Amino acid sequence: MSTHFINNRRVPGTTGETIPVIDPSDGQVFAQLARGNATDIASAVRAARAAADGGAWSRLAPVERGRLLRKLSDAILAHHDELAMLELRDCGKPVKQAKADATACARYFEYYAGACDKLHGETIPYTPGFAVMTVYEPHGVTGHIIPWNYPMQIFGRSVGGALAAGNACVVKPAEDACLSLLRIAEIAADCGFPEGALNIVTGYGHEAGQALADAAGIDHISFTGSARVGTIIAQSAAKRHVPVTLELGGKSPQIVFADANLDEALPVIVNAIIQNTGQTCSAGSRLLIEASAYERVLSLLAPRFTSLTAGPASMDLDVGPLIRQSQLDRVNGFLSEAQQTKLRIIAQGSVSAEAPSTGFYAKPTLIADVPASASLARDEVFGPVLAAMSFKDEVEAIALANGTEYGLVAGVWTENGGRALRMAKAVKAGQVFINNYGAGGGVELPFGGVKSSGYGREKGFEALYGFSVMKTVVVRHD
Ligand code: NAD
């Protein structure tokens, strides 16, 4: 697989250098990737430009684009298990999660297939003698920088929307998670996508990623990843006045009031921090509990955490391995700090005896009495670690919920309708869930952050406006 995918063909990297691909379940190298650089990015951008600037892709009627996207959706489903198994090995995703991601990727292309011929402008009443219309046009070539935690899902939501709006795409997947996307690009070519519509260059962020952010010929950048790198991307794009969408990190609160229906809330709260081994931008990683229910909720959660087991992806346990050694070191660093600062560790799950010692396994952990100033309450752990704290009333709940640099997602659990609406209004986040969390991740639901969680929206129809440019056409006819 140590090739890029440009102009519907696998092409070797210009330097011949490679990046080892490691299976997080056992820490062993099992494949190599091409280590792309600025030259490889430039050739992918040339291919995309040709497709966007008068090539076959740009000449397709929206309905035909939609048919191709639908064909790709069906083909992803036809290759569903193959793609899921690639991500299982590449990213350490437990079987159910890997399969869910392949299904979601197909669903994105299905959704955006139906949207291609529905993105229309308006006519505007203006001075007599003029006819005015707005039209949505593609940017041209869009660059997509993808993280490793949900490669297929984020590819589907970002590239699916961009293609639907008529752009040609250059994609730089994360160096830890390329295999499924290279395969999907081949499948797209087999479906009949014109040359240059979809190109993938693999490589490190500071090399291929930076080259993509800096490339002349890129008209829009969609970046999903850390806030730190998001700043670098926005700075690069600003030099050429290129618009960006930034989908960054989060430290999302789950806010539990004393009147919450705990039978419904508790399993959702646990799942929101262990899904994908806690490596989810929208993980519910802070648990804010009304003081009068604090100890009761913690004692009910404790056995749920104790019973959790981490193990190899193929065993499909509650939790898989983390993506790589440095991520395991990071998670263990937070756990050591919690011990050193004598935070109350309420419960900890286990690692399966069958897990290879060379894999990257962390124990799911519930920690209580975390001060709002602690790094555990402010920084993304990106692992299965839930930080709990109490609040006395709505005012304090809002202050705590909004008290980090992030604002991606929030969950509110209460049976009081008025309070639910007040909280939905007061919490600064791109999505607020009342008496649920994530809602199954619906592709129809616009998604994105405020503050350091980023700006712009992907998912839903809203994404198509971000992947387009509005043009106003004024015709004088008197
Ligand atoms: P990261 O920022 O390290 O890397 C993301 C991507 O950027 C990778 O493809 C990487 O190779 C590339 N990159 C790194 N340095 C670069 C540079 N200088 N120039 C250009 N590209 C560069 O993030 P990660 O560790 O892969 O992903 C985890 C982060 O992503 C977390 O913060 C998580 O919350 C966030 N995330 C956000 C969303 C969202 O939708 N808001 C979704 C998933 C992940």
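Every number for a ligand or one of its atoms is a count from 1 in the order of the listing. Remember, predicted model here, so these are calculated numbers, not experimental data.
- Counting only heavy atoms of the protein, atom 28 (C) of ligand 1 lies nearest to Phe382 CE2, 3.6 Å.
- The shell of residues lying under 4.0 angstrom from ligand 1, judged by heavy atoms, excludes Tyr150.
- A donor-acceptor pair is defined here as one N or O able to donate and one able to accept, closer than 3.5 Å; such a pair exists between the side chain of Ser453 and the backbone of Gly249.
- Side-chain atoms of Leu343 and Leu376, non-hydrogen and from C-beta on, do get closer than 4.5 Å to each other.
- A salt bridge does not link Lys251 to Glu380: none of the charged nitrogens lies less than 4.0 Å from a carboxylate oxygen.
- Using a 4.0 Å cut-off to heavy atoms of Ile154, the atoms of ligand 1 that qualify are 42 (C), 43 (C).
- Which of Ala174, Ser452, Gly209, Ser158 comes nearest to atom 20 (C) of ligand 1 through a heavy atom is settled by distance: it is Gly209.
- Residue contacts with ligand 1, taken as heavy atom pairs separated by less than 4.0 Å, do not involve Leu212 at all.
- Residue contact check: Asn149 has heavy atoms under 4.0 Å from atoms 43 (C), 44 (C) of ligand 1.
- Here Trp413 and Tyr437 keep their ring centres 6.0 angstrom or further from each other.
- Using a 4.0 Å heavy-atom cutoff, Pro173 is listed among the residues neighbouring ligand 1.
- Among all non-hydrogen protein atoms, the one lying nearest atom 8 (C) of ligand 1 is Ile146 O, 3.5 Å.
- One option in Cys281, Gly203, Ser326 has a heavy atom closer to atom 42 (C) of ligand 1 than any other, and that option is Cys281.
- Closest protein heavy atom to atom 27 (O) of ligand 1: Pro147 CB, 3.5 Å.
- Among protein heavy atoms, atom 32 (O) of ligand 1 sits closest to Glu380 OE1, 2.6 Å.
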Would you list the atom pairs, donor with acceptor, under 3.5 Å between side chains in residues 165-173 and any protein atom, with sequence neighbours excluded?
| residue | atom | partner | partner atom | Å |
| --- | --- | --- | --- | --- |
| Asn167 | OD1 | His139 | N | 2.8 |
| Asn167 | OD1 | Gly140 | N | 3.0 |
| Asn167 | ND2 | Ala162 | O | 2.9 |
| Asn167 | ND2 | Phe467 | O | 2.9 |
| Lys172 | NZ | Glu175 | OE1 | 3.3 |
| Lys172 | NZ | Gly203 | O | 2.9 |

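- In summary, Arg157 and Glu458 engage in a salt bridge, as defined by a charged side-chain N under 4.0 Å from a carboxylate O.
- Aromatic ring centroids of Phe382 and Trp148 lie under 6.0 Å apart.
- Of all atoms in ligand 1, numbered sequentially from 1 with element shown, those under 4.0 Å from a heavy atom of Thr224 are 5 (C), 37 (C), 38 (C), 39 (C), 40 (O), 42 (C), 43 (C).
- Here Lys459 does not pair with Glu247 in a salt bridge; the nearest charged N to carboxylate O distance is not below 4.0 Å.
- For atom 2 (O) of ligand 1, the nearest non-hydrogen atom from the set Gly230, Gly205, Ser226 belongs to Ser226.
- Less than 4.0 angstrom separates atom 4 (O) of ligand 1 from none of the non-hydrogen atoms of the protein.
- Residues Leu386 and Thr365 fail the side-chain proximity criterion, which asks for heavy atoms closer than 4.5 Å.
- When the options Lys251, Lys459, Arg157, His144 are ranked by their closest heavy atom to atom 40 (O) of ligand 1, first place goes to Arg157.
- In the vicinity of Gly249, heavy-atom distances shorter than 4.0 Å reach the ligand 1 atoms 32 (O), 34 (O).
- Neither the backbone nor the side chain of Gln279 comes within 4.0 Å of ligand 1, counting heavy atoms alone.
- Ion pairing between Glu110 and Arg70 holds under the 4.0 Å rule for side-chain N and carboxylate O.
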